[in-house]
2 protein chains.
Amino acid sequence: MSPARTDHDSRRQDVSEAVWQVLAEHGFGGLTMRAVAAALGSSTGLVTHYFAGKRELIAHALDILEERTAHRPRRAAPAPGLAALRTQMLNILPLTPAAAAMNRIWVGSWDVALSDPDLFAAQSLRYERIRAGLRTSIEEAQQLGEIPDVDPGRLATMVLSFTHGLVVQALFDPERLPAATQTRLVDDFLAALTRETA
Amino acid sequence: MSPARTDHDSRRQDVSEAVWQVLAEHGFGGLTMRAVAAALGSSTGLVTHYFAGKRELIAHALDILEERTAHRPRRAAPAPGLAALRTQMLNILPLTPAAAAMNRIWVGSWDVALSDPDLFAAQSLRYERIRAGLRTSIEEAQQLGEIPDVDPGRLATMVLSFTHGLVVQALFDPERLPAATQTRLVDDFLAALTRETA
DNA sequence: CCGTACATAACAAACGTTTGGCATGTACGC
DNA sequence: GCGTACATGCCAAACGTTTGTTATGTACGG
């Protein structure tokens with residue numbers, strides 16, 4: 001009807017960015033309308049103008065979380081199969097400051113998501129999608145003979161378990177687990193996987 | 001000194017229990033003085049009488065977390081080495097409702113701990129202690145020739161990574177990951193570990 | 001009495017949300 | 001092309017609620 005005089009989507013993304021910034025610094029416990037407005041240098045009115053309420057703010061933040069994980073400035077998968085799987089794992093891990101911020105938010109979201117039915121369902125779906133992506137690479141690897149032919153779904157769960165657990169430890173002890181060490185652990189894990197018998 | 005007409009420590013533990021209950025149901029985001037008092041069927045005055053403030057409440061909750069993790073009604077380790085390691089992993093996983101509640105609180109504490117320097121340090125220490133426990137079993141297993149002789153510290157990190165990641169997935173998808181499935185994943189993981197070359 | 005145990009109630013601060021208003025743009029009959 | 005009509009962007013302020021904390025009062029065993 002009446003085109004916005006300022007780009008609505010662009011401005012909305014500015015708000016998203018502010019939300020992101022607050023979450024990275026103070027976690028979900030510190031996410032308030034005023035904090036977002038302050039990070040944006042605006043009033044709380046602006047925030048509610050683009051997001052109906054705090055609930056929508058959180059939901060949107062979690063959406064961005066998944067989207068950024070998927071479309072990360074990713075190392076291009078050098079090859080299908082096992083190499084692609086390795087790349088997917090590395091793309092999740094906090095190997096860079098930006099990735100660390102993302103993971104901090106991710107881990108922080110679990111407390112909220114575990115107590116809110118809607119967010120819980122959404123989060124469960126997200127993990128299912130991630131596992132599906134891993135599973136694709138696993139099946140490719142199996143066809144290439146790089147991984148023994150055990151149930152790919154179970155393998156995907158194992159891979160995601162290992163990766164997520166490593167994320168948590170890396171966040172709480174970044175000095176002990178720098179990027180190089182994380183990468184090596186991933187390689188050790190994958191080496192163990194490929195040796196598993198069918 | 002203490003004309004205790006009620007046992008101070010006992011009452012204090014009642015408050016702890018109420019804190020536990022609130023955390024299990026609503027997470028750290030829902031932990032308030034009034035919620036604790038309500039769960040206890042008392043006033044907030046009672047709560048503040050035993051814990052100076054919310055901060056102490058949280059700190060105490062995390063202490064309980066570690067203590068309960070340590071003194072879990074644990075399956076006795078059937079044998080040293082690999083069997084003990086397996087038992088330790090199973091003792092962490094949410095295989096029972098009580099263990100699930102504990103893990104839910106544990107996972108939820110990460111958001112708070114990641115944004116509070118004191119809690120962060122305390123949490124890092126806790127994980128180091130857990131890894132130390134795992135490492136002991138790993139070294140035993142290595143002496144028994146059950147696990148190849150790679151750096152036990154790195155192995156402990158891998159084991160904890162896998163276990164914690166599995167905890168998170170199990171919490172978000174309990175139907176897909178019942179106790180039996182979790183146990184099987186642990187066995188698969190350990191089987192892969194033992195085949196790793198030195 | 002005195003100190004512990006707790007309830008009651010008040011408090012300021014912070015919270016999410018709503019509202020009124022002032023701009024500033026587009027749409028359109030004329 | 002111009003003025004009215006209306007939608008959008010955003011601020012400032014206020015709303016009522018909930019928060020953590022503190023002060024005051026009552027009951028009672030020693």
Side-chain angles (χ1 to χ4, degrees), chain A residues 1-23 25-62 108-109 111-113 115-119, chain B residues 1-23 25-62 108-109 111-112 115-116 118-119:
Chain A
M1 281 320 184
S2 38
R5 74 168 162 229
T6 70
D7 186 357
H8 188 95
D9 291 341
S10 163
R11 213 90 182 92
R12 194 178 148 100
Q13 181 145 352
D14 289 347
V15 180
S16 284
E17 205 66 41
V19 172
W20 201 260
Q21 185 181 328
V22 171
L23 285 177
E25 197 162 349
H26 301 105
F28 280 79
L31 178 64
T32 67
M33 295 289 177
R34 289 167 223 272
V36 172
L40 195 64
S42 72
S43 67
T44 67
L46 188 152
V47 179
T48 59
H49 184 70
Y50 289 96
F51 295 92
K54 185 179 184 179
R55 193 163 205 76
E56 284 201 13
L57 264 189
I58 295 180
H60 186 70
L62 296 185
S109 76
D111 182 54
V112 195
S115 288
D116 183 299
D118 292 343
L119 296 181
Chain B
M1 253 358 173
S2 49
R5 82 167 160 230
T6 70
D7 184 359
H8 188 96
D9 291 342
S10 162
R11 212 91 180 87
R12 192 179 149 99
Q13 182 146 351
D14 289 348
V15 180
S16 284
E17 204 65 41
V19 171
W20 197 259
Q21 185 181 327
V22 171
L23 285 178
E25 197 163 350
H26 301 105
F28 281 79
L31 179 65
T32 67
M33 295 287 176
R34 286 163 170 78
V36 172
L40 194 65
S42 74
S43 67
T44 67
L46 187 153
V47 179
T48 59
H49 185 68
Y50 290 95
F51 295 93
K54 185 178 185 179
R55 191 161 206 77
E56 283 201 15
L57 263 190
I58 294 180
H60 185 69
L62 296 184
S109 76
D111 182 56
V112 193
S115 287
D116 184 301
D118 292 343
L119 297 181

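Just so it is clear: chains get the letters A, B, ... in the order the sequence lines come, proteins before strands, and each one is counted from 1.
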Between the opening five pairs and the closing five pairs of the helix from C:dA12-D:dT19 to C:dC30-D:dG1, how far apart are the helix axes, to 10°? 10°
Could you pull out every donor-acceptor pair under 3.5 Å between side chains of residues 41-49 of chain B and any protein atom, sequence neighbours left out?
{"residue": "B:Ser43", "atom": "OG", "partner": "B:Gly45", "partner atom": "N", "Å": "3.3"}
{"residue": "B:Thr48", "atom": "OG1", "partner": "B:Thr44", "partner atom": "O", "Å": "3.3"}
{"residue": "B:Thr48", "atom": "OG1", "partner": "B:Gly45", "partner atom": "O", "Å": "2.9"}

Excluding sequence neighbours, so at least two apart, what forms side chain to side chain donor-acceptor pair (under 3.5 Å) with B:Asp14? B:Arg11
Taking 4.0 Å as the cut-off, does a side-chain nitrogen or oxygen of A:His49 come that near to OP1 or OP2 on D:dC10? no
Got a list of protein N/O to nucleotides 11-13 of chain D N/O distances below 3.5 Å?
{"residue": "D:dC11", "atom": "OP2", "partner": "A:Ser43", "partner atom": "N", "Å": "3.4"}
{"residue": "D:dC11", "atom": "OP2", "partner": "A:Ser43", "partner atom": "OG", "Å": "3.0"}

Taking atom CZ of B:Phe28 and atom NZ of B:Lys54, what is their separation to the nearest 0.5 Å? 10.0 Å
Determine, stepwise, if the pair B:Thr32 / B:His26 fulfils side-chain contact (heavy atoms from CB on, under 4.5 Å). CA-CA 10 Å; B:Thr32 67; B:His26 301 105; over 6 Å; no
Holding to ring-ring contact (aromatic ring centres under 6.0 Å, His included), I want the full list of residues that pass it with B:Phe51, two or more places apart in sequence or in another chain. B:His60
Partner residues of B:Arg55 under the side chain to side chain donor-acceptor pair (under 3.5 Å) criterion, sequence neighbours left out: B:Asp116
Nearest-Å distance, CZ (B:Phe51) to P (C:dA5)? 13 Å
Has B:Asp111 got a side-chain atom pairing as donor or acceptor with A:Asp111's backbone, closer than 3.5 angstrom? no
In short, salt bridge (charged side-chain N to carboxylate O under 4.0 Å, His left out) pairs touching residues 27-43 of chain B with sequence neighbours left out are none
Enter the distance from A:Leu62:CG to A:Leu23:CG here, rounded to the nearest 0.5 Å. 8.5 Å
Would you tabulate the pairs of protein nitrogen or oxygen atoms and nucleotide nitrogen or oxygen atoms of nucleotides 18-20 of chain D closer than 3.5 angstrom?
{"residue": "D:dG20", "atom": "OP1", "partner": "B:Lys54", "partner atom": "NZ", "Å": "3.0"}
{"residue": "D:dG20", "atom": "OP2", "partner": "B:Met33", "partner atom": "N", "Å": "3.0"}
{"residue": "D:dG20", "atom": "N7", "partner": "B:Arg34", "partner atom": "NH1", "Å": "2.9"}
{"residue": "D:dG20", "atom": "O6", "partner": "B:Arg34", "partner atom": "NH2", "Å": "2.9"}

Just to be sure I understand the geometry, which residues of residues 13-20 of chain A put a non-hydrogen atom under 4.0 Å away from DNA chain C? none
Closest contact, heavy atoms only, B:Glu25 versus A:Ser115: O-OG, 3.5 Å
Minimal non-hydrogen separation, B:Ala61 against B:Val19, with atom names: CB-CG1, 4.0 Å
Has B:Arg11 got a side-chain N or O lying under 4.0 Å from the OP1 or OP2 atom of C:dC6? yes
Sorted by chain and number, sequence neighbours left out, side chain to side chain donor-acceptor pair (under 3.5 Å) with B:Glu17 holds for B:Arg68
